Amino acid sequence: RHAISEFVEKHIPKEQLALRDAWWFYPDDHGIIESRLDFVDALLQQKQAGAQLMAIELIGRSGMFQRVPQLLARMNQKDIAEPHRNSIEIALCRLGLITEDSLSRAVQVIRQGKGQLLHALNLISIAGAVGQLPADAYLVHTKSSDNHVSRLSWCLAAIRAPLETHHAAMRNDGKLDSQLRTLILGFIGYPAGLIEVVRQLVDQPEPASAVALDALTVVL
């Protein structure tokens with residue numbers, strides 16, 4: 001436990017994403033599952049919030065159903081911090097255990113545009129519940145000043161109603177980031193949008209971006 005504490009203090013503040021990915025994608029053979037569970041348990045017992053949040057995320061991403069009781073116990077604590085509650089909801093959602101209450105609250109937040117909008121959009125996205133709302137409910141949030149909210153709203157709208165979202169992207173009033181617009185038009189794949197992507201590439205002096213090259217692959 002002392003070694004884990006030193007590890008957390010030294011590495012997690014600066015390398016949290018790299019450490020998460022290392023444990024997330026490490027091969028599952030040769031008994032590593034047991035080691036990973038022990039590591040997650042040790043992280044959950046740390047005082048540092050970053051360590052606890054990483055452990056909760058790993059439980060969801062790695063399918064650690066053995067630790068669901070611990071997540072539910074934490075969720076029911078009266079003094080649980082909001083980031084921890086959100087992280088547990090996301091983890092349970094990744095495990096396919098999202099409750100109807102959580103899903104209903106997420107739908108209401110998106111409808112009203114009030115509260116933790118990004119968290120609600122993430123829940124809807126991970127749960128595969130995009131059909132719970134009409135396209136307009138997502139498109140209205142594409143104009144959000146929060147780039148994360150805007151990008152996710154565009155993607156969900158494109159899945160929910162491709163043609164309507166295509167028209168919205170084609171009517172761009174200048175507020176839609178050019179890379180994101182290229183991504184959306186390429187993702188939806190209607191001919192008029194792909195032609196627009198090609199026109200932009202021909203007109204621009206700089207080399208094509210990775211997003212534009214992906215869109216060109218769709219064209220081909």
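Keep in mind the model is a prediction, meaning the values are calculated, not measured.
Annotation: the span from I59 atom CD1 to Q70 atom CD amounts to 7.0 Å, rounded to 0.5 Å. Atom CD of Q116 sits about 9.0 Å away from atom CZ of R105, to the nearest 0.5 Å. Atoms CE and CG, on M64 and L95 in that order, are 10.0 Å from each other to the nearest 0.5 Å. Atom CG of N86 and atom CD of E82 lie 5.5 Å apart (nearest 0.5 Å). With values rounded to the nearest 0.5 angstrom, M170 atom CE is found 13.5 Å from I184 atom CD1. The line from CD1 of I90 to CG of L53 is 12.0 Å long, rounded to the nearest 0.5 Å.
In plain terms, the two heavy atoms of V109 and G115 that are nearest each other are CG1-C, 4.3 Å. Of all heavy-atom pairs spanning S150 and S144, the tightest one is CB-O, 3.9 Å. Closest heavy-atom contact between L43 and A51: CB-O, 3.7 Å. A pairwise comparison of heavy atoms in A135 and E164 identifies CB-OE1, 3.7 Å as the closest pair.
Of the listed residues (N122, L117, L118), just one forms a side chain to side chain contact (heavy atoms under 4.5 Å, CB included) with H148, and that residue is L118.
Between the side chain of T182 and the backbone N or O of S178, at least one donor-acceptor pair lies under 3.5 Å. R94 places no side-chain N or O within 3.5 Å of a backbone atom of G63 that could act as its donor or acceptor partner. Within the 3.5 Å criterion, the main-chain N or O of A42 finds a donor-acceptor partner in the side chain of Q46. Judged purely by atom type and a 3.5 angstrom limit, S87 has no side-chain atom pairing as donor or acceptor with the backbone of H84.
Two residues are said to be in side-chain contact when any heavy atoms from C-beta on lie closer than 4.5 Å; R151 and L183 meet this criterion. In this structure, R74 and R85 have side chains that are not in contact, with every pair of non-hydrogen atoms separated by 4.5 Å or more. Within the 4.5 Å cutoff, no side-chain heavy atoms of Y138 are placed close to those of T165. In this structure, the side chains of L103 and L123 stay at 4.5 Å or more apart for every pair of heavy atoms.
Surrounding CD of Q77 are more than 12 heavy atoms belonging to other residues, nucleotides or ligands, all under 6.0 Å away.
Under the 4.5 Å side-chain heavy-atom criterion for ILVMFWY residues, no single connected hydrophobic cluster contains both L180 and V140. Connection of L176 to V197 is not established within any shared hydrophobic cluster, with ILVMFWY side chains joined at heavy-atom distances below 4.5 Å, either directly or through further cluster members. Residues V40 and M54 share a hydrophobic cluster, clusters being chains of Ile/Leu/Val/Met/Phe/Trp/Tyr side chains in contact below 4.5 Å. With hydrophobic clusters built from ILVMFWY side chains whose heavy atoms lie under 4.5 angstrom apart, I126 does not share a cluster with I88.
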How far apart are the C-alpha atoms of I98 and L92, what are their side-chain angles, what is the distance that settles it, and do they pass the side chain to side chain contact (heavy atoms under 4.5 Å, CB included) test? CA-CA 6 Å; I98 186 172; L92 292 174; 5.9 Å; no

Give the C-alpha distance, both sets of side-chain angles, the deciding distance and a yes or no for side chain to side chain contact (heavy atoms under 4.5 Å, CB included) between L71 and L97. CA-CA 11 Å; L71 292 185; L97 300 174; over 6 Å; no

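Side chain to side chain, E89 and H119 meet the donor-acceptor criterion of an N or O pair below 3.5 Å.
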Can you list, pair by pair, the side-chain donor-acceptor contacts under 3.5 Å of residues 198-220, counting residues two or more places apart and other chains?
unit_1 : atom_1 : unit_2 : atom_2 : d
R199   : NE     : E196   : OE1    : 3.2
R199   : NH1    : D203   : OD2    : 2.9
R199   : NH2    : E196   : OE2    : 2.8
Q200   : NE2    : E196   : OE2    : 3.4
Q204   : NE2    : E206   : O      : 3.3
Q204   : NE2    : P207   : O      : 3.4
S209   : OG     : Q179   : OE1    : 2.9
S209   : OG     : Q179   : NE2    : 3.4
S209   : OG     : A212   : N      : 3.2
T217   : OG1    : L213   : O      : 3.0

Check residues 152-163 and write down every donor-acceptor pair under 3.5 Å in which the side-chain atom is one partner and the other belongs to a residue at least two apart or another chain.
unit_1 : atom_1 : unit_2 : atom_2 : d
S153   : OG     : V149   : O      : 2.7
R160   : NE     : L133   : O      : 2.7

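Partners of Y190 under the ring-ring contact (aromatic ring centres under 6.0 Å, His included) rule, at least two apart in sequence or in another chain, are H166.
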